Trainee: 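Please read through the structure below; I'll follow up with questions.
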Amino acid sequence: MKKLINSPGSVVDDALVGLAAAHPALAVDFERRVVSRAVCPAGPKVALVSGGGSGHEPLHIGFVGPGMLDAACPGELFTSPPPDRILAAAQAADSGAGVLFVVKNYTGDVLNFRLAAELAAEQGHRVATVLVDDDVAVRDSAAGRRGTGATVVVHKTCGALAERGAALEEVRELGERVVAASRSFAVALAAGTNPETGRPGFDLAEDEIEVGVGIHGEPGRRRERLRPANELAATVVDAVLEGNRPGPGDRPIVLVNGLGATPLIELYVVCAAVTARLAEHGVTPARTLVGSYVTSLDAAGFSLTLTAADRLMLELWDAPADTPALVRA
Amino acid sequence: MKKLINSPGSVVDDALVGLAAAHPALAVDFERRVVSRAVCPAGPKVALVSGGGSGHEPLHIGFVGPGMLDAACPGELFTSPPPDRILAAAQAADSGAGVLFVVKNYTGDVLNFRLAAELAAEQGHRVATVLVDDDVAVRDSAAGRRGTGATVVVHKTCGALAERGAALEEVRELGERVVAASRSFAVALAAGTNPETGRPGFDLAEDEIEVGVGIHGEPGRRRERLRPANELAATVVDAVLEGNRPGPGDRPIVLVNGLGATPLIELYVVCAAVTARLAEHGVTPARTLVGSYVTSLDAAGFSLTLTAADRLMLELWDAPADTPALVRA
Amino acid sequence: MTHRTLDTALAEAWIRTAAAAVEDAERHLTALDTAIGDGDHGSNLRRGFTAVLAALDAPPEGGFESPGALLRTVGSTLTAKVGGASGPLYGQAFRAAGAELPPDADPAACADALAAGLAAVRALGGAEPGDKTLVDALAPAVDALRAAAETGATLARATAAAADAAERGARDTTPLQARRGRASYLGPRSTGHQDPGATSAALLLRALADAAAR
Amino acid sequence: MTHRTLDTALAEAWIRTAAAAVEDAERHLTALDTAIGDGDHGSNLRRGFTAVLAALDAPPEGGFESPGALLRTVGSTLTAKVGGASGPLYGQAFRAAGAELPPDADPAACADALAAGLAAVRALGGAEPGDKTLVDALAPAVDALRAAAETGATLARATAAAADAAERGARDTTPLQARRGRASYLGPRSTGHQDPGATSAALLLRALADAAAR
Ligand SMILES: Nc1ncnc2c1ncn2[C@@H]1O[C@H](COP(=O)(O)OP(=O)(O)O)[C@@H](O)[C@H]1O
Ligand SMILES: Nc1ncnc2c1ncn2[C@@H]1O[C@H](COP(=O)(O)OP(=O)(O)O)[C@@H](O)[C@H]1O
Ligand SMILES: [Mg+2]
Ligand SMILES: [Mg+2]
Ligand SMILES: [Mg+2]
Ligand SMILES: [Mg+2]
């Protein structure tokens with residue numbers, strides 16, 4: 001294991017120190033591991049709070065700022081934060097118009113955010129939750145589909161709507177519509193290595209890939225031979241469109257996302273391949289975002305997220321944002 | 001070699017197709033490999049043109065847009081583009097106020113841009129050049145120091161000054177001052193693999209790092225044992241400050257840059273370590289940028305760039321920009 | 001001396017034994033979780049029990065007022081410190097069990113408390129027996145404890161029976177296909193591996209039996 | 001038939017022989033460049049000579065008017081297609097040599113043309129002999145060609161002497177520490193490796209000698 005770290009146990013805390021150093025617009029509570037905006041919104045607005053295990057950066061800490069999240073609560077690597085940390089984030093974020101929890105659908109996140117919501121309600125916060133479950137690689141699990149790339153679309157669109165002064169229920173409802181319109185699927189060339197264990201989540205041969213992989217080193221649906229980007233893109237596009245073809249009025253938002261160790265030039269190659277395959281399906285993206293936004297430590301590979309956006313979603317996707325990882329002028 | 005590509009020979013062209021698909025604000029001439037702004041500046045302004053070998057993305061193609069470059073000319077992987085491609089970029093960019101070439105100091109880049117400048121002058125373009133040579137790992141070479149991270153600072157500040165309507169000579173002069181104020185140094189945990197050869201630029205043992213490495217797989221000054229991020233940061237900070245301590249009036253801009261396969265969480269760990277070591281030297285960064293901006297295919301590791309900026313440079317660093325890789329509101 | 005009832009001293013002995021067992025088993029639990037999860041179950045529980053030991057070392061003025069109070073502290077500490085799936089599940093289980101536990105619980109009362117813990121897990125996580133979760137260790141343990149209590153077994157024997165049943169339950173998760181938690185994403189590929197959570201649940205019950213036997 | 005002068009036919013034969021030699025040596029040149037550069041010298045030259053062959057296959061109406069015109073086309077094609085350091089260096093060298101070359105060059109005129117090519121390389125790249133660059137193959141080749149011409153050698157013998165000298169020059173770059181080009185970044189670590197550019201320069205001169213001997 002080769003990593004730029006000091007010790008496995010200090011990665012999250014050290015990274016938060018670096019985040020705070022680079023981004024004076026963020027307030028970082030190191031004790032409770034809460035990242036929030038240094039300058040609070042002028043008046044009350046619905047506060048967006050998200051979090052989950054660390055190791056997926058820039059998700060979520062890199063999306064705190066005007067136009068997106070009000071606070072993020074990063075947990076240990078790949079481990080959702082406990083309820084009191086989530087509660088602390090809600091407290092830091094609530095400006096009087098209620099708090100929306102954006103939760104990726106993993107058992108740990110679901111349970112901890114649920115307990116946190118109860119605690120927050122006891123303290124008088126109004127809390128609503130959007131559960132993100134876009135990863136179609138998962139089938140037949142009573143736990144449901146995992147939450148991955150669509151989280152970014154929810155953060156961006158719900159964040160913009162909240163900034164416009166919409167009410168909690170309205171923002172939650174938008175989030176649910178975005179989730180319903182979103183599908184993701186991922187392929188890994190190499191698993192990430194959790195520094196705590198020092199071992200990759202799974203081992204792949206030099207010519208093997210993991211198809212339908214999760215962002216915590218969860219192995220995927222199946223193992224295959226590495227193929228050219230065009231073929232991989234076809235597999236992934238087809239999986240994402242299966243049973244969820246965007247309708248005629250939809251303006252698809254496409255996210256071509258790197259898993260952490262994927263160079264940008266490869267993501268652009270994938271983007272070309274994805275765009276071509278979508279065209280074969282008659283789907284023309286309205287917007288395409290390329291970069292590493294929802295990562296899995298140093299895993300190599302990519303995920304594709306497609307949101308069959310309506311006009312409002314697209315407008316909110318284009319709205320201003322000013323966060324470490326996503327800025328819109 | 002595991003890569004998301006179609007074939008070694010098609011990587012650059014495929015990536016340009018992906019870039020064009022994702023960024024409608026860019027015009028991409030696939031034939032001549034020129035990336036320029038789809039919407040030309042309103043009136044004549046000094047045009048910034050940069051380029052060099054591919055494999056360093058987002059440099060340079062990701063920095064085309066308002067506030068930064070007017071055109072970029074990517075060459076083959078790690079190979080500077082020939083003069084006529086550079087000329088084509090100058091032609092696409094020149095809006096009547098002259099063209100500034102921003103050239104990284106490598107023999108190939110220097111020679112091809114020099115020939116291109118002659119061709120452009122023959123065609124009536126006014127051309128000036130800024131040579132970026134910030135990499136202090138290089139000593140005693142008649143070819144001089146390499147150009148790396150400072151290129152981003154030159155693109156950003158000169159781009160902003162050009163946007164303000166400054167004259168060619170003024171923009172060039174700023175570029176030279178930025179270069180003079182900038183120093184970089186890099187450490188690799190793993191070399192990048194050029195798909196044409198299928199082999200990493202150099203091989204490192206599981207506990208080895210390359211200190212003072214270049215961005216084309218050039219081996220560095222020496223090979224060392226992997227050490228904790230705090231210690232590596234100390235080595236790198238000390239190298240960058242050697243003989244170039246920022247003065248009392250300086251407002252240092254710091255770039256903590258990933259080499260292509262470095263996860264963001266590790267860059268934030270490094271950022272914390274760099275900030276702490278700078279503080280030990282009495283240096284307080286005015287701005288810190290963390291991310292993968294000047295990469296070396298899928299190399300793992302980081303580089304540090306420090307620009308001892310004056311007030312004007314800082315103001316220009318903060319000015320608006322709207323490019324694929326760097327947006328300032 | 002064998003304990004006849006689950007008093008505060010035994011509760012503390014149990015938890016300290018459990019903490020030591022978790023420490024010993026950390027790598028094993030993480031290895032199980034690497035196979036079908038995300039490789040952190042061992043470190044999650046270690047982090048939790050380290051905090052639990054700290055809480056036991058700084059008891060309220062005058063000590064814990066009852067074994068139930070002690071277990072409730074264990075539960076809220078686990079909930080507050082572990083995160084992940086197992087944090088709230090174990091946390092709420094200990095809180096619910098602690099709330100149910102009378103001051104000097106005989107085996108039957110212990111069975112009721114464990115049943116309350118199980119109910120909390122099922123209420124929170126929604127898992128059915130056979131879903132390849134910690135329910136598959138806890139549910140047979142409740143049954144075994146209750147059955148032993150009905151035959152008038154000592155606490156030591158009854159908890160040993162519960163631990164045996166939990167271990168069997170954990171072992172029997174191996175052929176199962178997971179339907180809850182992270183392992184469920186693997187679908188059929190989740191079979192052939194023992195569930196980490198069921199394994200740690202059995203370990204906690206074995207720690208109780210060991211403490212009760214001392 | 002051995003050629004007495006460097007006419008257009010021999011110029012074309014030279015370049016086609018060189019293109020084939022570059023193709024054969026691609027991996028070797030790239031391997032040399034991997035050791036002390038960025039591992040692309042072979043593919044750079046292959047790309048260049050592929051374009052050069054295309055240019056030869058589509059000559060101007062009525063054919064190239066002179067060997068000098070042909071070499072100028074080779075030069076501008078290399079400059080336009082190769083990029084990197086070697087593209088402009090070889091490109092400008094062929095252009096300068098072509099500009100100097102009379103229609104039917106004897107060995108002495110060839111030496112002058114090669115000297116013009118060398119001068120172009122040095123003017124553009126600033127390398128001195130001993131800097132571990134293609135100058136270290138070209139400079140001794142110019143001297144050998146001129147010396148052979150002065151003794152009245154045939155073109156075949158004179159160019160063979162030039163190729164021998166270039167190969168020696170290339171081999172002698174091995175112990176040198178590079179002071180120009182990418183290898184110079186390695187400082188003392190650049191010693192012990194033969195320079196890729198000097199190697200390809202020798203290869204180009206060997207192609208000339210081979211063509212002249214046919
Ligand atoms: N819904 C659930 N109900 C009961 N137990 C569950 C449930 N989901 C997961 N578990 C248990 O949690 C264990 C994993 O715990 P842990 O690795 O600490 O959390 P995470 O899955 O968040 O990384 C699984 O082995 C399983 O026994
Ligand atoms: N300044 C220079 N003058 C003469 N030759 C040079 C100079 N710089 C580099 N070279 C030659 O170029 C060769 C490398 O060419 P190539 O690998 O194609 O270009 P690059 O270094 O841009 O990748 C070196 O081996 C050296 O012989
Ligand atoms: Mg976990
Ligand atoms: Mg090169
Ligand atoms: Mg786990
Ligand atoms: Mg080279």
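Both backbone and side-chain heavy atoms feed into the values below; hydrogens, waters and symmetry mates do not. Lettering follows sequence order; numbering is per chain, from 1. As the structure is a prediction and not an experimental result, all values here were calculated from the model.
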Trainee: Verify the neighbour count for atom CZ of Arg251(A): are there more than 12 heavy atoms of other residues, nucleotides or ligands below 6.0 Å?
Mentor: no
Trainee: Given 3.5 Å as the limit, does a donor-acceptor pair link the side chain of Lys156(B) with the main chain of Thr151(B), or not?
Mentor: no
Trainee: Side chain from CB out, backbone as N, CA, C, O: work out which of these in Leu232(A) comes under 4.5 Å of a heavy atom of chain B, or both, or neither.
Mentor: side chain
Trainee: Between Lys3(A), Glu231(A), Arg328(A), which shows the greatest number of heavy-atom pairs under 4.5 Å with chain B?
Mentor: Lys3(A)
Trainee: Is it the side chain or the backbone of Pro324(A) that comes within 4.5 Å of chain B heavy atoms, both, or neither?
Mentor: side chain
Trainee: Can you tell me if Glu280(A) has over 12 outside heavy atoms packed within less than 6.0 Å of its CD?
Mentor: yes
Trainee: Work out which heavy atom in Cys73(B) is nearest to a heavy atom in Pro81(B); give both atom names and the distance.
Mentor: O-CG, 3.4 Å
Trainee: Counting heavy-atom pairs closer than 4.5 Å to chain A, which one of Leu189(B), Val17(B), Val187(B) comes out on top?
Mentor: Leu189(B)
Trainee: What I want to find out is whether Glu163(B) reaches Arg37(B) closely enough, with some N-O distance under 4.0 Å, to be called a salt bridge.
Mentor: yes
Trainee: Quick check on Leu226(B) against chain A: is it the side chain, the backbone, both or neither that has a heavy atom closer than 4.5 Å?
Mentor: side chain
Trainee: Pick from Thr275(B), Leu19(B), Val11(B): which one has the most heavy-atom pairs with chain A under 4.5 Å?
Mentor: Leu19(B)
Trainee: Checking Ser292(A) against chain B: side chain, backbone, both or neither under 4.5 Å from a heavy atom?
Mentor: neither
Trainee: What residue in Ala329(B), Ala20(B), Ala22(B), Pro285(B) has the most heavy-atom pairs under 4.5 Å with chain A?
Mentor: Ala22(B)
Trainee: Is it true that His23(B) and Tyr268(A) share a donor-acceptor pair across their side chains at a distance under 3.5 Å?
Mentor: yes
Trainee: Side chain, backbone, both or neither: which part of Val290(A) has an atom under 4.5 Å from a heavy atom of chain B?
Mentor: side chain
Trainee: Please flag which part of Leu77(A) lies under 4.5 Å from any non-hydrogen atom of chain B: side chain, backbone, both or neither.
Mentor: side chain
Trainee: Please report the shortest heavy-atom distance between Thr307(A) and Val153(A), naming the atom on each side.
Mentor: OG1-CG2, 3.7 Å
Trainee: Between Phe78(B) and His56(B) (judged by ring centroids, cut-off 6.0 Å), do the two rings come close enough to count as a pair?
Mentor: yes
Trainee: Using heavy-atom distances under 4.5 Å, tell me whether Ala286(A) contacts chain B through its side chain, its backbone, both, or neither.
Mentor: neither
Trainee: With no hydrogens and no angle check, just 3.5 Å: does a side-chain donor-acceptor pair link Ser10(A) and Asp14(A)?
Mentor: yes
Trainee: Regarding Ser54(A) and Arg33(A), is there a side-chain donor-to-acceptor distance under 3.5 Å anywhere?
Mentor: no
Trainee: For Ile265(A), is it the side chain, the backbone, both, or neither that has a heavy atom closer than 4.5 Å to a heavy atom of chain B?
Mentor: both
Trainee: Please flag which part of Asp207(B) lies under 4.5 Å from any non-hydrogen atom of chain A: side chain, backbone, both or neither.
Mentor: backbone
Trainee: Between Lys2(A), Arg287(A), Glu206(A), which residue shows the highest count of heavy-atom pairs closer than 4.5 Å to chain B?
Mentor: Lys2(A)
Trainee: Who among Leu204(B), Asp322(B), Ile5(B) has the most heavy-atom pairs with chain A under 4.5 Å?
Mentor: Ile5(B)
